[in-house]
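The basis for the numbers below is simple: all heavy atoms, side chains too, and nothing from hydrogens, waters or symmetry mates. Each residue takes its place number in the sequence, starting with 1.
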Amino acid sequence: MNLIAWAVLGLLAGAIGKAIYPGYQGGGILSTMILGIIGAFVGGSVFTLLQTGQLQLTAASLSIPGLFVAVIGSMIAIYLWGLFSSRRRT
């Protein structure tokens with residue numbers, strides 16, 4: 001059941017993050033889900049760092065605050081993906 005909750009959280013967070021973030025982000029439903037799951041880890045880790053001062057690999061839970069943290073994390077992941085995957089155009 002935990003994997004299904006992660007998939008649902010990832011899909012919701014990735015879709016909301018892509019909708020809020022400006023510009024076009026390609027990809028289908030699988031990339032949106034993976035982006036949301038990565039966002040849950042990024043957001044949960046940043047939230048734990050701000051709350052406790054320790055860097056730990058934690059993920060957001062399937063709740064309203066967890067979804068909010070995962071959406072913020074997915075937007076950070078979209079930004080970082082755009083930095084690393086951008087190609088130089090001349």
Side-chain angles (χ1 to χ4, degrees):
M1 189 64 170
N2 198 13
L3 291 175
I4 295 172
W6 274 69
V8 169
L9 177 67
L11 185 61
L12 287 173
I16 294 171
K18 277 187 171 185
I20 293 174
Y21 197 82
Y24 174 75
Q25 299 87 31
I29 192 166
L30 184 63
S31 67
T32 302
M33 190 180 299
I34 291 171
L35 175 71
I37 291 171
I38 291 171
F41 272 112
V42 169
S45 298
V46 169
F47 185 71
T48 302
L49 176 67
L50 293 175
Q51 195 173 31
T52 64
Q54 297 176 356
L55 185 60
Q56 296 176 353
L57 185 61
T58 57
S61 62
L62 186 59
S63 62
I64 299 297
L67 181 63
F68 181 73
V69 167
V71 167
I72 298 295
S74 70
M75 291 174 64
I76 292 170
I78 290 171
Y79 174 73
L80 292 175
W81 179 258
L83 283 179
F84 292 127
S85 69
S86 66
R87 296 183 183 162
R88 262 199 183 149
R89 297 180 186 169
T90 56

Shared hydrophobic cluster for Leu83 and Ile78 (ILVMFWY, side-chain gaps under 4.5 Å): yes
Within 6.0 angstrom of Phe68 CZ, more than 12 heavy atoms from elsewhere: no
Other residues, nucleotides, ligands: >12 heavy atoms within 6.0 Å of Leu50 CG: yes
Same apolar cluster (I L V M F W Y, side chains within < 4.5 Å links), Ile76/Leu35: yes
Transitive ILVMFWY side-chain link Phe84 to Ile34, under 4.5 Å: yes
Cluster overlap Val69 with Ile20, hydrophobic side-chain contacts below 4.5 Å: no
Exercise: identify the closest heavy-atom pair between Ser74 and Gly17: OG-CA, 3.6 Å
Non-hydrogen atoms of Ala13 and Ala70 that approach each other most closely: CB-CB, 3.6 Å
Shared hydrophobic cluster, Ile38 / Ile72 (ILVMFWY, side-chain heavy atoms < 4.5 Å): yes
From CA spacing to verdict: side chain to side chain contact (heavy atoms under 4.5 Å, CB included), Ile37, Leu9: CA-CA 7 Å; Ile37 291 171; Leu9 177 67; over 6 Å; no
